[in-house]
Amino acid sequence: MDKKKIVQYFLERGFLISPDVLEKLSKFNDSYIFNKIIENSSDIFLTQFSENKVRVIKNLVKIPREIKTEQFIKFFQDKYKKMQKIFLRRTKFNFVSLNKLGKERKEVYIFGIVKNIKEKADKKIVEIEDMTTSVKVEFSLNVKNIDNLMLDEAIVVRGISAGDYLFGKEIIYPDIPLRSPTKGQERVCFISDLHLDETPPSDIKKFFDWFKTQKISYLLVAGDISDKKSFINYVKDLGSKVFLIPGEKDDSSYPALGIKLKEGLKNVISLSNPAMIEINGVKILMIHKFNLDMLKKRYLGQSKLILNEDYLVLDVVPDIVHCGHTHEPEVKNYKSATIVNSGSPLSDFKPVVINLADRSVEQIRL
Amino acid sequence: MVRMQIIDIDYIVKENRPVIRIFGKTEQGKTIVAYDDSFIPYFYILPKRGKTEDVIKIIKDNEKIRKIREVKRFLSIGYHEKKETLLQVFTKIPKDVVALREEFSSIPLVKNICEADILFKYRYMVDKNLHGMDWVEIDGTQEKSKIIKAPVFKIKKIRPLKNIKKNAPLRYLSFDIESVTKDKERMVDGKKDPIIMISLAFDPAWRGKKDAVLLTKHCSGKNIISLSSEKEMLEKFQEIISDYDPDIITGYNINNFDIPFVLNRLEKNNISKNLGRAADKPAFMKSLGIYQSPVITGRVVADPYQIIKNDPWIKLKRYTLNNVAEEFLNEKKIDIKYTEMEQLWNGKREGIQKFVEYSRKDAVLALRILLEKGLLDKFFELSKISGLLLQDTFGGQTTRVETSFLHKFKELGFVLPTAPTKKEVTKRMIERKKLELKGATVLEPKKGLHTEGYVLVLDFKSLYPSIIRTFNICPTCLVTKDSPPGVKYHKSPWGAKFVDKEVREGVLPKILSELLKTRVLVKKEMKISKGEKKRILNAKQLALKTMANSFYGYTGYVRARLYVMDIANSITAYGRENIKKTKEFIEKNYNVEVIYGDTDSVFVKTNSSSLDDARKIGEKIAKDVTNNLPGYLELEFEKIYKTSLILSKKRYAAWKFEPGPDGWENSLEMKGIETVRRDWCQLVTDVMNYVLNVILKEGNITKALDYVKKVIKDVKEGKVPLEKLTIIKGITKELSSYKGTLPHIELAKKLRRRAPSDITVGSRIGFVIIKGNQMLSKRAEDPEYVKEHNLKIDSDYYIENQLLPPIMRIFSSVGISKGELFGYGRQANIKDLLSGKKRVLNHKIRTEPDIKPTAKHDKKNDTVLEGWEEFVCKKCKKSYRRMPLSGRCECGGELAIAFHGNVGDKVILGKKKGNNI
């Protein structure tokens, strides 16, 4: 089969294939083998495509329909292991395994996952577990971050051990590193929440008319398009590459697989929510509903699904975070990450354009 | 000269002097504020015997003290023949009293400190003989004020006017706020989400408007005011309050939601919290333990939700505005779910209008409930009787009783002790526990169905108050080691000694006598009154009765200032003795049988089968007993039970006949078999009602039995509507503090996990039990969810655990055993008999099944589930919210998945979830 056609076939299903694989596959003539490859590949697809300047770093392509008890166990343990790796990279503490907490009073660092939170009038008792056992940690209400501590979070606690009890003094999250911003090339436009079933078409047309005059190479759409057909109509003839993720209006599950678009769209790549891509070396996290805590905690929200591994662990640090959902345009920086939200044509819409060469950010008033 | 009715009182400190401010209304409904800066705070010190001078020396140079006076007062605990010398210590400002109380109580020569914890405004009221809602006449001069809008008077002289019966015309304002959030994971929060709408209802109308809605969007409709921002809307709200100048602010659940929310938003928008009648006192939330209540100076906040919830005479299954409006006004309100609100608000014009009308109705209904049901009438009267300001009458009974005592003590020269310390309270609790106190006794009942010979029910009128008055029970009459030897006393059956009336008439009996005498007069006047006047008089006599009945409880309350253990116990002991004596007297002198007696009533079975004859007998017995009993104890003929079914102590049902204006009125009476028993679903109530009706009125047991058989069949066949099977239970504490598993708590946890919900302490949750192999509590499910997912009801549970227990109690008390009912042997299982099966021996009833793979009845495969909710240990049955990291239960056992009442090892997801476009 024609190599271009093969590339297109995989692209429509959210896969970018490398040249050597392409070489092997070009010997086949029907898509049966391609489907088999897609079905049997791992859920989270990591690939490298040296020809083009775009790399898909994280994209969820499969959701298991049959889940056994063992999978629940594996899923949770995967989260633990991944978060542990991140903590070890980002911090220099010596963690004590929970079953080795001694009886003498001394300061310790422990790592684990929040199992239970009990609220009392003047304190919170948090049960934390690791692979060995679990332990109860007592926090006074003025410990930083105790208020928005949530169940199933992975945290490091600095505390004073006292037998089988621990007095928590500090809650430590891995956070992202502070480093100089990564620079690349070309310009990227960020929009979201088009809500094509509600927004007056004139407002949408205004944006696309403007966009066509701009010669921007990439258009990223962070969810809530609400009407596939209409969206395809607007983007099919654009010269730029379009990346699309679903919002909760498009797919209520989380994480959610990429929206199934019709066949034959060459320039549109449908990815999952959330997903991470790299354009000219700059890593962009696309996620519909976002808050800053996700960067600090290195975890992207609450999963409603059980997968073969924990997809929501933020192991790769993004340079840009593209989000939506709030319908409020916003641009802010956190350490070396830029967070952009274009708002929505339903309320306030300011598409964001970033020039990867100098990382300058512009909010467009139409 | 100004005449006004007291609405609220507060005080401020000006130039180091306290100034009392009285907010009142004239007969024409004008607001007036009168102030008094001549009243000085004080408290009492009781020095040790003979050490008065020494104590004065120690304290006199304290800079907080203005002056010290030696006074003579009676101490209130125990009978003291003479007044004691106390020091009345005047301070500069009320705060000083608290400071000095702490300081001086540690002086060794000080025996006790008294009345050092009385709120300054009540100190003023008691000393000036003012009760809440009293009319007063003020001699004074009018002044101008920058902080108070109403006319201000400086008080030269003030006196209460006791002869004005009406209340001043009051202005009522009801309001309801709306707020939305996009975040589906939580409820609206005053710290994060703005108010988008405020609805108001007025009585009387405000500038021609009976209601109005403020909102931050454009909307067309009646009396709608659109503002451009939340700040502007809040400012308009304040403006309207100031302009309308309401006396009573109300709204459904405003205490817990609307008012705290508004205060938060005022702060966020940097607007002053000025909602009251004095600009120097912003509105705030006062904390009393875990509860908070709003304080708006000069106005009274009345929340109908709290009033209805706390009323012991009103028992509803649900206290939502919807339910209450339906019950009281026969009105249904438009229902909008929380999840819909945000969509309506951010959507099209019609949606916004729908939302506006929904909100407007909330405000209007709350006001109507308050006014049309006259909810405040009782509190107006309680305020006048107890002395409390109207705002304080909504709270607990303790303050009512103690303020009442304060007034009486002032009149008679007694001094009230300070509230007990934590240590003291603990001591009292331990003392009570040690003695294993008996209750109010109850005579052993003659169980069974009584159909031959009518049963008379004779009640003691206001038993405990009568006992208190008859036997002169009062803390001031208790003979203690401080009482003079040789004083004339009598002993209660409990063993405590009280001085005779001739020595001293107790304060408590005096208060009660006044209350009860007034009540008799009010009831007399009620008989010849009509309409509005009659309603007010009825409220008054109810308030008098409520007040009189709160004193007994107070005497046994460990936190009471006047708590004396011997007193409550003496009262109950006299009660027990009284019932015993009454029974003996009746059975000795008449040809009747006392078949039951409980605290203040006796059931007397006669041979009569004529209502009028039976009544004559009842009235004669009542008269004779009354004459035979000491003092104020009075027995009255109440009603007749034509037939009665007594199951056990405090559990009976009867066909009651009461004399009414148009002859005998009959109805079914049930005690302990109440229709609002919270563990039961409506089906049980319906069946119980029917069965009792048939047995008591028709005596037809077979008919009742056949009916029960049919109901059981319907349950099994799933023909009973879910509403009848719903059980409603309340959440009384934080979900995490429940030990063990309870169905409604498990469901509450499930609901919270599914969607943001307003489930908090105090919420009532309705649930049904579905079929499955998990334990019972885990199979509690939301009826809506059951309908949506077509889940099956556990008919076994409803038959075995809901219907049969109370039904069998009735049938067995009729002397019918399970076997005899059907002519089968005794070992038959009732369920099988009723369903027509032949008898089955040793039928094991499963209510807590073991967790076994039950699958589509294929033992080889695992049970396949369609989703997951929790994880359960196969060995010890402990459940987990999610899989623990170790993959095993704490006991080492393997874990299984639980979903919709079933347990299994595998999940296969159904149709593809969530893809919407």
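Both backbone and side-chain heavy atoms feed into the values below; hydrogens, waters and symmetry mates do not. Letters A, B, ... mirror the listed sequences (proteins, then strands); counts begin at 1. As the structure is a computational prediction, the values presented were derived from the model and not from experiment.
Looking at B:Ile897, only its side chain comes within 4.5 Å of chain A, counting heavy atoms on both sides. Looking at B:Glu894, there are no atoms closer than 4.5 Å to chain A (heavy atoms on both sides), in backbone or side chain. Contact of A:Thr326 with chain B is made through the backbone alone, with heavy-atom distances under 4.5 Å. Of the atoms belonging to A:Leu346, not a single heavy atom falls under 4.5 Å from chain B.
B:Arg888 has no carboxylate O lying under 4.0 Å from a charged side-chain N of A:Glu129, or vice versa, which leaves the two without a salt bridge. Between A:Arg65 and B:Glu866 there is no salt bridge, since no side-chain nitrogen of the basic residue lies less than 4.0 Å from a carboxylate oxygen of the acidic one.
Residues A:Phe72 and B:Met883 come closest through the heavy atom pair CB-CE, 3.9 Å. Heavy atoms only, all atoms of each residue included: A:Ile113 and B:Arg882 are closest at CG2-NH2, 3.7 Å. A:Lys68 and B:Lys906 get closest at one heavy-atom pair: CE-CD, 3.7 Å. The shortest heavy-atom contact between A:Glu127 and B:Glu890 is OE2-OE2, 4.5 Å.
Within a 6.0 Å radius of CZ in B:Arg881, other residues, nucleotides and ligands contribute more than 12 heavy atoms. Within a 6.0 Å sphere centred on NZ of B:Lys217, other residues, nucleotides and ligands contribute more than 12 heavy atoms. Within a 6.0 Å radius of NZ in A:Lys124, more than 12 heavy atoms belonging to other residues, nucleotides or ligands are found.
Between A:Gln77 and B:Leu885 the shortest side-chain heavy-atom distance falls below 4.5 Å.
Note on A:Asp152, A:Asp197, A:Asp130: by heavy-atom pairs under 4.5 Å with chain B, the leading option is A:Asp152. With chain B as partner, the option from A:Leu151, A:Thr133, A:Ile306 having the largest number of non-hydrogen pairs under 4.5 angstrom is A:Leu151.
Formation of a donor-acceptor pair under 3.5 Å by the B:Ser886 side chain with backbone atoms of A:Met131 is not found in this model.
Every residue meeting the side chain to side chain donor-acceptor pair (under 3.5 Å) condition with B:Asn346, not counting sequence neighbours, appears here in chain and number order: B:Glu342.
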Self-check item: side-chain contact (heavy atoms from CB on, under 4.5 Å) between A:Ile67 and B:Trp868, intermediate numbers included
Solution: CA-CA 10 Å; A:Ile67 311 163; B:Trp868 68 93; 4.0 Å; yes
